[in-house]
Each structure stands twice: as structure tokens, then as C-alpha cells.
Amino acid sequence: MIPVVTGPSTAVDEPRMRRSWADAGIIGAYLAFSVVLFGGLWADLGHGYLWNSASDQNMWEWFFSVTAKSVLHLQNPLTTDLQNYPLGVNMMANTAMLGVSIPLTPITLTFGPTATWAIALTGSLAGTAAAWYWVFSRHLVRHRVSAAIGGAVAGFAPPIISHANAHPNFVAWFVLPFLALKLIRIAQGTKPVRNGIWLGVLTAYQVFLGEEPLLIFALSFVIFAVAYCASRPRELKAMVRPMLLGGGIAVVLAFVLLAFPLWWQFFGPQSYTALEHGQVGNDTAAFTRFATQSIAGQPAEAADVSINRTEENAFFGWPLIVLMVVVTIWLWREVVARSVAISMFLMAWLSLGVDLVVVHVDTGVPGPWKLLANLPLFESLLESRLAMACVPAIGALLAIATDRVFTAAAALPEPGEGQRRLPVRLMWLGAVIAVLLPIAPTQLLVKDRPPTPAFFADGTWRTYVAPGGTVVPVPLPSSGESEPLHWQVDAGLGYAMPEGYFVGPSGPDDKRGRYGAVQRPTSALLDQIRDSGTAAPVDDNARDQAIDDLRYWHASVLVLIPREHSDAYRATVDLLLRKPAQFIDGVWVWDVRPITAAR
């Protein structure tokens, strides 16, 4: 996955101004392409919703809004009780992406969280491509076109675009190239103190962007480093002292910066130890298929071997797989390319999971992931995502291969009289385009989100919520019911609500992670209606339990929007509370303040 410094920057004799304009043009092209990909969202920040994000856009916008409120009021951004009241949510143990949400607080407060969402996604895509281009062009290859191709692949490959529907933390890889560069610089003995300081700061910042990408990066870098050192064992001795010095400085600095946030994440309120997902390795067929969000996209074939649209982690298409095999064989004698290729292929193998699955058939053949699956931190990782480490590796190999072609073409002898020079560069670029065009991304699908009921948007809720009271949506918010988070944001985060969409512990004495809150009995009763479509049975025990739950939630009002099965929901709550709902500003309302106040 990781390039190593092999030579000077491209065209070192070029005037500095010309190089700067070329860099600006390439990075500007990355940014323009990112804006086009999210064009539907940018065209309608008021109502646009990334359709394939399912519930996640609501969740991320909620994270951005809550963080901005914490910053504005000088509150602890690592926690909040606006969801899952009264227990709250451990924001550090969730994907709050504080490294983006805190700096963009002025944007969130001024233009709203959807603008922050659009900036985070667009900027992360372009920034990732630009960061890899910068490192490739300065430290891996000599020709700028080679680096530009590598950067484009690293920033816009199908797995990255798949996550761009919903997971900005898996799109924001723009720090990782510089982490790799600083590690390599330290190993080379280049300014180990200075580079160690940078390594510690960048590592801490990456933790606030995304810990799972950092773990994937670390694993792939270790594989690369082992492969490189195995090829150059005589260099090991010279690496020891600068690595101890620079690495030690980085560890100490990162510890100082991260000690409290990580303590809060793993030991603070509503922390958890691990989030188990079961076996979710890639089917081997995924590697040769085309992602949904690509020119040659095959939605049905992609859905057949993936969890959902946002987890198409290994869809590189068969032409690129073939090219990578050819390039690996061709460049095998080069230690850097070989080490990158070994890291790429081993990470792809790890991503297959505990057992090898071929087109849904479990072969029973164990994979190397079996050795890591139950280790701390790795147990919470979706192993299919390990294939994402192949993305920058592919970019690096394509950059190296293109550079070798361009260098070889320049060294060809001048053709004789009446002969034409073979257009080697154009032939190679044509082959690369032919391979990459089928997996080139298409614009992400955006649709109008449901409007926020006037009850929330116009502030009517304030009439019904007592000091310290909560709003209880019917049914309660969850991973599949995230619209209440959007209503809460549109209401200015002026009230808290129970349960929600987040990751937290499975119970007071059970530190295993889970999506959403541990449900109270009344919440589970309302979920029965979603599954059956009919009113739930209500008796005196259910009524007594509902009162207990409402008091536990500090409920002031229950709210139901017109929706599927709304008659069944309304009938059930009417029976639970022994009072009919009132239709106010687009919603049915049950004022329960007299009930919850009488303790």
C-alpha cells in the first residue's frame, strides 16, 4: 500500500511556477470531479438526500450539529444526552469525525449540517486524491502524469465511491499518505525528531478522522515494511536508531494528545469494548465485478455479493485485476513495487474473511484473517473493508508502471529517415484508460428527503416540552428509523429524545457494542406494529409498563407523523395512555406531562 522514496520529484529542472500551475491544475481537476459526483446534493442542500446512505446521512448531520452546539457552548464534545436520554451517547466511541466536525463548526452553525456533510464528502474525495498525488509526484515517480493517474485511482476507486454515499470517515484518507511518508523518512534517518513530531500529530489527527481506516493502514504498512525489509535486510541496522528516536517521539506525542479522548472512548460513560459484526468477508467474486456506482455498474451482480451499496469494498472489475497481475509480474524485480504488490495481495486475501467463499459457496478453506479476527480492535473491524487497502496500492503500482513506460519511451532511439516513432506513451495511456473507464464513478444518487413536520420546524414542540422533558417519537428512533434525528436538528437541538441511532453498550453490565439503544418494553411493543401492520395488544400490564418507560425517559410528549401503519400506531398509543391523540401542525400528539409528573 505504501510508496517509498525512490527519487526526486518530476521534472526537477522545470521552473517552479510551471510546476505549481501543473499541481494546481491536477488538484483542481480532482476537486471539480468531486463536485460533479455530488452535484445532486450541492444543487439542493435544503432537501437533497444521498439515497444509498439509508439512515446514515441523518446520523452524520446529527453528529455535525451536536458537535457544533458543543463547541458553541463550550461543552464536552465527547458526549451528549440529546439521544438515548437519559443515558446519553459516547461521541468518541461513535463515528463523530471530530477532526472535521469541530473545524467546520462555523459552516454548520451558519449554513446547516447538510452543507457540512457535502463539504466533508466532496473535500475528502478530492483531498484524498490530491494527497496521494502529492506524495507520488514528490517521492515515488518522476513524471507528473504518472502521479496524477495514481492519485485519481487512490481517490476515486469504486470502494471509496461506495463509502462516499454514507461514510465520510472512509473517504477521508488524505492524512494517510503523509503518515506513510513520515514513517519512511524516519526509517531513512531523515530528521527523525522533526518527522517524529509530525508523525505523532498526524496520527492523533487521523484518530479524530477515522480509527478504522488508521487500523487498516497500519496493518497494510506493516506488511509492506516486512516485505521491504525482507528484500533489503542489510538496511535494517541503519533503521533501528532513527526509528526508536522518531517513533518514540511520535508515540509520546500521540499519547499526550489522545490519552483523554481514548480513555473516554473505551472507559467513559456509554463506552463499549467491541462491536461484533459476524463473518463479513468478501466473496472472491466481488473482486472481478463492477460496482453499482460505476460506468459499467451491475447493480444486481454487485448486490449479490455485498452487504449493501455502501460496502462494495472489493469491486475493482476483472480488467483491473488482470492488469494488476501483469504489472506485478512486470515490476517484481523492483523492491518497492514488489513490496507494495505483496501488501496489496495479502490485504485482499485477508479481506476474504475466516473462510474462503466463492460465489456464495463456503469452501471451508481457512484464510489468514482467522489469526486476527478475535484480537483486540480487529474484532470490531469489518474484514471486507481490508480490501480498501488495495486502493492506494493499485494507485502506486499504476503510477510506477506509467513512469517506467514514460522513461523507457524517452530512451528509445530516434527513428530512421521515413520511420515514425512508436507511440508507446499513448498506447500505454490508452490501455490504462480502457481498464479504468469501466470502473470510473458515476454521479451519486440524490432524492428529496421527507419534509420536517411543522410541529418541529415551526417550534410548536416548545409548547409541550417541560424543562428537562423529552420528545418521544412513535415509533422510537433507531438505525432503521432515523428521521427523528433530522427533526431534532431542524428544531435546533432544543429537546432530547430517548433511544436513537448510534453505537453503545448492550447493557449496564454488558459492554459489548450494539447499534442503537437497549430497548425498553414499550419501544419493543411499538416495533411489533412495524412488523405486523396491526395494532399491538394492550392490557393493564402494558399500560403500567408504558407509564414506567415514559417516566424513565422523562417524556413530555409523544409524537406520530402520518406514515405507514399510522392508524395502528395511533390506536395502540391511545389504548396505552387511555387518551386520544390530537392532530397539531401535521402530527398526532399525546401530551403526557400530567402522567409523568405524577410519580
Side-chain angles (χ1 to χ4, degrees), residues 34-35 37-84 88-89 91-92 94-125 127 163-172 208-210 310 444 446-453 456-459 461 471 473 477 479 481-497 500-503:
S34 298
V35 171
L37 290 177
F38 292 104
L41 185 62
W42 281 108
D44 190 8
L45 292 176
H47 306 94
Y49 195 90
L50 287 174
W51 186 249
N52 288 324
S53 74
S55 294
D56 283 2
Q57 181 171 336
N58 285 326
M59 179 192 70
W60 278 97
E61 291 181 1
W62 187 88
F63 283 148
F64 293 147
S65 294
V66 171
T67 301
K69 182 177 181 179
S70 297
V71 172
L72 180 64
H73 295 287
L74 301 180
Q75 298 169 340
N76 181 3
L78 305 182
T79 187
T80 181
D81 62 1
L82 289 170
Q83 268 194 90
N84 197 34
V89 175
M91 296 284 279
M92 191 63 199
N94 280 264
T95 55
M97 210 175 179
L98 299 175
V100 166
S101 57
I102 290 178
L104 292 183
T105 287
I107 299 294
T108 306
L109 295 175
T110 305
F111 301 103
T114 307
T116 303
W117 166 250
I119 291 171
L121 289 169
T122 307
S124 293
L125 265 188
H163 283 276
N165 283 288
H167 306 145
N169 56 324
F170 269 94
V171 179
F208 293 111
L209 291 178
T310 65
L444 277 70
V446 174
K447 294 189 177 183
D448 283 347
R449 75 197 316 165
T452 298
F456 298 103
D458 295 346
W461 61 270
V471 172
S479 59
E481 190 73 34
S482 67
E483 273 301 304
L485 277 66
H486 177 57
W487 307 337
Q488 190 185 37
V489 169
D490 278 357
L493 300 176
Y495 61 83
M497 62 184 177
Y501 182 20
F502 60 94
V503 181

Would a distance-only check, ignoring hydrogens and angles, find a side-chain to backbone donor-acceptor pair under 3.5 Å from [X] to [Y]?
| X | Y | result |
| --- | --- | --- |
| Asn94 | Ala96 | no |
| Tyr49 | Leu41 | no |
| Ser55 | Ser479 | yes |
| Gln488 | Leu82 | yes |
| Asn58 | His486 | no |

How far apart are the closest heavy atoms of [X] and [Y], and which atoms are they?
| X | Y | result |
| --- | --- | --- |
| Gly48 | Thr114 | O-CG2, 4.5 Å |
| Thr67 | Ser101 | CG2-OG, 3.4 Å |
| Leu98 | Pro103 | O-CD, 3.5 Å |
| Ala120 | Val100 | CB-CG1, 4.0 Å |
| Thr310 | Asn165 | CG2-CB, 3.9 Å |
| Ile107 | Ile119 | CG2-CD1, 3.8 Å |

Rounded to the nearest 0.5 Å, what's the gap from [atom1] on [X] to [atom2] on [Y]? Could you check?
| X | Y | atom1 | atom2 | result |
| --- | --- | --- | --- | --- |
| Thr452 | Glu483 | OG1 | CD | 7.0 Å |
| Glu61 | Ser53 | CD | OG | 8.5 Å |
| Phe38 | Leu125 | CZ | CG | 4.5 Å |
| Phe63 | Thr80 | CZ | OG1 | 10.0 Å |
| Tyr501 | Met59 | OH | CE | 4.5 Å |

Evaluate the side-chain proximity of [Y] to [X]: yes if any heavy-atom separation is below 4.5 Å, no if none is.
| X | Y | answer |
| --- | --- | --- |
| Asn169 | Trp60 | yes |
| Phe208 | Ile102 | no |
| Leu50 | Leu121 | yes |
| Leu45 | Phe111 | no |
| Thr95 | His167 | no |
| Trp62 | Leu493 | yes |
| Asp448 | Asp44 | yes |
| Val489 | Phe64 | no |

> Step by step, would you call Met497 with Leu485 a side chain to side chain contact (heavy atoms under 4.5 Å, CB included)?
Replying inline: CA-CA 9 Å; Met497 62 184 177; Leu485 277 66; 3.7 Å; yes
>> Using a 6.0 Å cut-off, check whether atom CH2 of Trp42 has over 12 heavy atoms from anything other than its own residue.
In response: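 Check passes, neighbour count above 12.
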> Given the rule in the side chain to side chain contact (heavy atoms under 4.5 Å, CB included) test, do Gln57 and Trp117 qualify, once you have shown the distances and angles that lead to the verdict?
Replying inline: CA-CA 8 Å; Gln57 181 171 336; Trp117 166 250; 3.2 Å; yes
>> Pair Val471, Phe456 - check side chain to side chain contact (heavy atoms under 4.5 Å, CB included), show working.
In response: CA-CA 10 Å; Val471 172; Phe456 298 103; 4.0 Å; yes
